[in-house]
Amino acid sequence: MRIATYNVNGVNGRLPVLLRWLNETQPDIVCLQELKAQQDNFPEQAIADAGYNAIWHGQKSWNGVAILARGMEIQELSRVLPGDPEDSHSRYIEAIVNGLTIGCLYLPNGNPAPGPKFDYKLKWFERFTQHAAGLYASGKPVVLTGDYNVMPTDLDVYKPERWVDDALFRPETRAAYKNLLAQGWTDAIRKLYPDQKIYTFWDYFRNAYGRDAGLRIDHFLLSPTVDSRLKSAGVDRHVRGWEKTSDHAPVWIELAD
DNA sequence: ATGCCTGAATCTTTCAGA
């Protein structure tokens, strides 16, 4: 079973690229972030025609997350991150698919830091960590995947010294990620490739993709029973080279049945 | 320190992204 995550940066503007990638790689479960579409403006029919059921939580202009499943039922558990009724951002959706609990997240960017946006990022991270603790304690097979907006270590940044004051790489942000992993989660890519430079994002500026000036910010966190099924993982980085593409590339894992 | 690019809405600029 293949599970993928992809920050599409606009699900409607990205539709041809998304459909091409779905057809090419045929993932069984897909988590999408940054839909940038209102709830009733999600391309449900085109995605159904590609063979996928979908649930999503849209929002005007920004954010928005979705879970797709190829020929499988999606049992929605939540479309908000618990812990703050005042939080209006569509950044989390959770469902059971084929016996797996799938949490699809779009963690706040947090720039500029310091400031209210960075405070919001850290608070969101705390709420997510608290929610993850409950999922972990349940003992169920859980996959928490999406755009974490965190480079966990120096290995995950093309030029670490340029990013030390950035919200994606500040000590508080890296500490929050480390604290989350300390619950027992496995970072799938890092487990399989402990020393390899692997990026999932290249910004649109300065020919970043051509220079391989990238960041690893899209992650797969696995609970122990899912970790024991992990066969392989990777980044579909060639998709970043397509016309009208997202600034992120899809990331995937393959699990034993 | 800033802009470089991109998508969506506020729509011929502005905002946010990372």
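By convention in this document, chain letters (A, B, ...) are assigned in the order of the sequence lines, proteins followed by strands, and residues within each chain are numbered from 1. Note that the structure is a prediction, hence the values are computed from the model and not measured.
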Find which nucleotide of DNA chain B each of F205(A) and L215(A) is nearest to by heavy atoms, and output the residue with the more 5' nucleotide.
F205(A)
If each of T245(A) and P108(A) is mapped to the nucleotide of DNA chain B with the nearest heavy atom, which maps nearer the 5' terminus, i.e. the 5' end?
T245(A)
One thing to verify: whether [Y] and [X] come together as a salt bridge, which I'm taking to mean a side-chain N less than 4.0 angstrom from a carboxylate O.
| X | Y | result |
| --- | --- | --- |
| K197(A) | D156(A) | no |
| D87(A) | R127(A) | yes |
| D212(A) | R237(A) | yes |

Rounded distance in Å - [atom1] ([X]) to [atom2] ([N]):
| X | N | atom1 | atom2 | value |
| --- | --- | --- | --- | --- |
| F201(A) | dC5(B) | CZ | P | 15 Å |
| K36(A) | dT14(B) | NZ | C1' | 13 Å |
| N9(A) | dC15(B) | CG | C1' | 13 Å |
| N41(A) | dA8(B) | CG | C1' | 11 Å |
| N149(A) | dA16(B) | CG | C1' | 12 Å |
| K60(A) | dC11(B) | NZ | P | 11 Å |
| D166(A) | dG17(B) | CG | C1' | 11 Å |
| Q59(A) | dA9(B) | CD | P | 11 Å |

Decide if the gap between the ring center of Y209(A) and the ring center of W202(A) is smaller than 6.0 angstrom.
yes
Is any side-chain N or O of K244(A) closer than 4.0 Å to OP1 or OP2 of dG7(B)?
yes
Look at the side-chain N and O atoms of R14(A) and state whether any lies under 4.0 Å from the OP1 or OP2 oxygen of dG7(B).
yes
Gap in Å between the two P atoms, one belonging to dA1(B) and one to dT6(B), rounded:
26 Å
Looking at every strand, decide which applies to N63(A) at a 4.0 Å heavy-atom threshold: base, sugar-phosphate, or nothing.
nothing
Is Y106(A) touching bases, backbone alone, or none of the nucleic acid, heavy atoms closer than 4.0 Å?
sugar-phosphate
Check V11(A), N41(A), N9(A) against K36(A) for a side-chain contact (heavy atoms from CB on, under 4.5 Å) and give me the one that passes.
N9(A)
